[in-house]
Structures are given as C-alpha cells and as structure tokens.
Amino acid sequence: MKAARIVVLLIAIAAGGIAALLAGRSEKPAPAKHQAAPKISSVQVLVAKSDIPVGTAVTPGVVRWEAWPASAKTGNFIRKSSDPNAVRKLSGMIARSPFVAGEPIRQAKLVDAKGSGFMAAILPKGMRAVSTQISPETGAGGFILPNDHVDVILTRRETGTTGSGQQQQHSEIILSNVRVLAIDQHVQEKNGKKVVVGKTATLELTPKQSETLALAQHLGSLSLALRSITDASNSGPKTGANLNRQGRGNSINVVRFGVTTTATPQ
C-alpha cells in the first residue's frame with residue numbers, strides 16, 4: 001500500500017510540474033508576413049539640372065533625364081520614351097521664364113531665338129519693347145524689377161486759364177498695368193539683389209501704347225508707379241489717356257477720357 005501511494009504521489013507531482021511548465025511558457029507570436037512595397041511605374045522626364053535663369057540658352061549641360069511617376073500629370077512634360085532626342089532638339093533655345101533645379105522642362109517656357117536678340121525672342125506676338133528714362137525718384141525708389149507691372153504717370157505744366165500766365169502742373173495715368181521687361185540691361189534679379197537702380201526702363205507695350213508713350217515723353221516728365229501683384233493679375237494692360245498730335249505747329253491735343261484740351265510740348 002505504501003509503495004502504491006508513493007507512486008501515485010510521484011505521478012501527481014510530475015503532472016503538476018509539467019502543467020506549471022506549460023502554463024508559464026508564453027506562446028510566441030506568429031511571425032508577421034513581409035508585405036512587399038507596391039511597384040510604382042515611372043517614366044524618364046527631362047528636368048533642369050540646375051537653376052536656369054531667364055535668357056539662358058538650353059544646353060546638354062543644364063538638363064538631365066530623371067525618373068518621375070507615370071501617374072503624375074506629365075502631359076506638358078518632355079518624356080524620353082516619346083522624344084529621346086529632346087536634348088538635341090532643344091539645344092540653343094532660350095528660357096523665357098526661369099526654371100529651378102529639378103523642375104520639368106516645358107517647351108511653353110522656351111523660345112527659339114532663330115538668331116534674333118533675347119528681347120525680340122521673349123516679346124509676345126504683337127507687342128513692342130519701348131524704353132523710357134527713369135530715376136530713383138521716378139522709378140519707385142529702385143524697387144521696380146523686371147516682370148513687375150506698373151502704371152505710367154505723365155506730369156506736365158500748362159498755362160492757367162485765368163489769364164495770369166501762371167503755369168499749373170497736372171498729372172495723369174496715361175498707361176495702366178504694363179509689364180516691365182528690363183531695367184537698363186537687367187532682365188532678372190541677380191546675385192541676391194533686391195533692387196535694380198537704373199536709368200532706363202523697357203516696357204512691354206502694344207503699338208498704340210508705344211505711340212502714346214513716345215508722345216508723352218515730349219509733353220513732360222514720366223514716372224512709374226509700381227502695382228501690387230494682385231492688381232497686376234486681375235486686369236490687363238490699359239491706356240489711361242490718348243495723346244494725339246494735330247500736326248499744326250507744336251500744338252498737341254490731349255484726349256482725357258473724352259475731354260479734349262490743348263497742351264504744348266516741353
């Protein structure tokens with residue numbers, strides 16, 4: 001009897017130890033299945049290797065092919081698959097707008113000079129580049145930069161109508177919201193300069209505006225008023241006054257929104 005009890009006791013102790021061992025052993029988590037990253041289809045797009053300022057000619061050294069997602073809106077981008085000789089074709093074309101490094105090259109921002117000067121190449125069809133003299137006082141203190149929009153103000157002296165012979169000064173906007181193409185020979189902001197102080201401003205004008213500006217230069221002094229970016233984008237170029245030469249002596253009729261007065265060139 002005693003031997004049987006001892007055997008039963010040993011069996012009970014062994015079973016308890018096994019049960020405790022199994023209960024204390026934590027189950028290892030199942031290893032997570034590695035999910036492969038989805039493959040993104042890409043295309044080779046022509047981009048600027050470095051910054052390309054306005055007026056810079058495109059050469060193989062300033063552009064490169066770079067992988068871009070095929071799902072991106074690349075309708076205006078130049079793809080190597082569709083135009084493998086694009087670098088050679090675009091070589092020599094001039095940037096009419098600046099490119100930053102890594103920006104896709106778009107042909108709409110390039111112009112083929114065809115042997116002409118840069119200014120003639122960037123002028124839109126039907127527009128003219130006309131220069132006028134300015135100074136820091138008449139050019140917004142030098143804060144007008146190329147691609148800004150300005151109003152042109154004419155200030156002139158006229159003899160008073162009271163018979164006293166005294167001269168009166170009058171100012172009016174003769175051209176509104178016109179684009180500045182260049183200040184002297186500066187066609188862009190360079191070397192971190194925040195202002196360009198020059199003696200000549202070149203404006204983008206229609207043929208009719210060109211006549212107005214040329215005549216206004218003989219009537220008095222001209223000043224440029226800098227417009228805000230919001231004003232420049234909300235309205236197109238306008239002519240504030242029409243200056244028509246009569247052809248009789250030095251008399252010039254100034255038509256101000258339908259009201260005609262006579263002035264004498266300075």
Side-chain angles (χ1 to χ4, degrees), residues 40-131 142-150 177-198 200-205 226-234 236-237:
I40 300 177
S41 178
S42 63
V43 294
Q44 293 291 315
V45 173
L46 191 64
V47 302
K49 184 184 297 184
S50 57
D51 291 349
I52 303 178
V54 175
T56 302
V58 175
T59 62
V62 300
V63 295
R64 68 182 178 190
W65 295 106
E66 187 175 280
W68 275 62
S71 59
K73 295 182 179 179
T74 57
N76 295 327
F77 300 166
I78 300 174
R79 300 188 182 191
K80 190 174 184 178
S81 58
S82 58
D83 195 355
N85 298 319
V87 176
R88 179 179 57 82
K89 292 179 181 179
L90 299 179
S91 182
M93 298 188 73
I94 295 175
R96 66 188 308 169
S97 299
F99 291 90
V100 298
E103 178 182 352
I105 300 296
R106 287 173 289 170
Q107 198 151 356
K109 297 178 67 174
L110 301 174
V111 61
D112 189 358
K114 297 180 180 178
S116 300
F118 164 70
M119 189 61 69
I122 67 171
L123 269 176
K125 183 178 180 180
M127 304 302 287
R128 306 290 187 267
V130 183
S131 298
F143 284 94
I144 295 176
L145 293 173
N147 286 322
D148 284 339
H149 285 70
V150 299
N177 197 19
V178 296
R179 184 165 74 104
V180 178
L181 295 173
I183 300 293
D184 284 353
Q185 296 299 319
H186 296 275
V187 295
Q188 63 171 346
E189 187 177 352
K190 293 183 179 179
N191 301 326
K193 292 181 180 178
K194 298 302 180 183
V195 296
V196 178
V197 179
T200 305
T202 303
L203 308 178
E204 181 185 87
L205 305 176
L226 179 64
R227 297 177 67 99
S228 72
I229 296 177
T230 305
D231 291 340
S233 60
N234 286 342

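- Of all heavy-atom pairs between Ser131 and Thr200, the closest is CB-CG2, 3.5 Å.
- Nearest heavy atoms, Trp65 versus Asp83: CH2-O, 3.7 Å.
- For Glu66, the CD atom counts as densely surrounded, since its 6.0 Å shell holds more than 12 non-hydrogen atoms of other residues, nucleotides or ligands.
- Considering every non-hydrogen atom in both Pro60 and Ser91, the closest pair reads CD-OG, 4.0 Å.
- With contacts defined as side-chain heavy-atom distances shorter than 4.5 Å, the pair Leu203/Val180 qualifies.
- One finds the CH2 atom of Trp68 at 11.5 Å from the CZ atom of Arg79 (value rounded to the nearest 0.5 Å).
- When side chains are defined from C-beta on, Val150 counts as touching Val178, because their heavy atoms get closer than 4.5 Å.
- With rounding to the nearest 0.5 angstrom, the CE atom of Met93 is 13.5 Å from the NZ atom of Lys109.
- Annotation: side chain of Leu110 is in contact with side chain of Leu90 (closest heavy-atom distance under 4.5 Å).
- With contacts defined as side-chain heavy-atom distances shorter than 4.5 Å, the pair Pro146/Ile183 qualifies.
- Between the CZ atom of Arg64 and the NZ atom of Lys49 there is a distance of 7.5 Å, given to the nearest 0.5 Å.
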Legend entry - Step-by-step side-chain contact (heavy atoms from CB on, under 4.5 Å) determination, Asn147 to Arg179: CA-CA 6 Å; Asn147 286 322; Arg179 184 165 74 104; 2.6 Å; yes

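- Screening Val87, Ile105, Ile52 for a side chain to side chain contact (heavy atoms under 4.5 Å, CB included) with Val62, the sole residue that qualifies is Ile52.
- At a threshold of 4.5 Å between non-hydrogen side-chain atoms, the residues Pro98 and Glu103 do not count as touching.
- Between Lys80 and Val43, every side-chain heavy-atom pair lies at or beyond the 4.5 Å cut-off.
- In plain terms, the two heavy atoms of Pro104 and Phe99 that are nearest each other are O-CE2, 3.7 Å.
- Going from atom CG of Leu181 over to atom CZ of Arg128 covers 13.0 Å, rounded to the nearest 0.5 Å.
- Judged purely by atom type and a 3.5 angstrom limit, Asp51 has no side-chain atom pairing as donor or acceptor with the backbone of Val100.
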Inset, instruction - Step by step, work out the side-chain contact (heavy atoms from CB on, under 4.5 Å) result for Gln107 and Lys89. - result: CA-CA 11 Å; Gln107 198 151 356; Lys89 292 179 181 179; over 6 Å; no

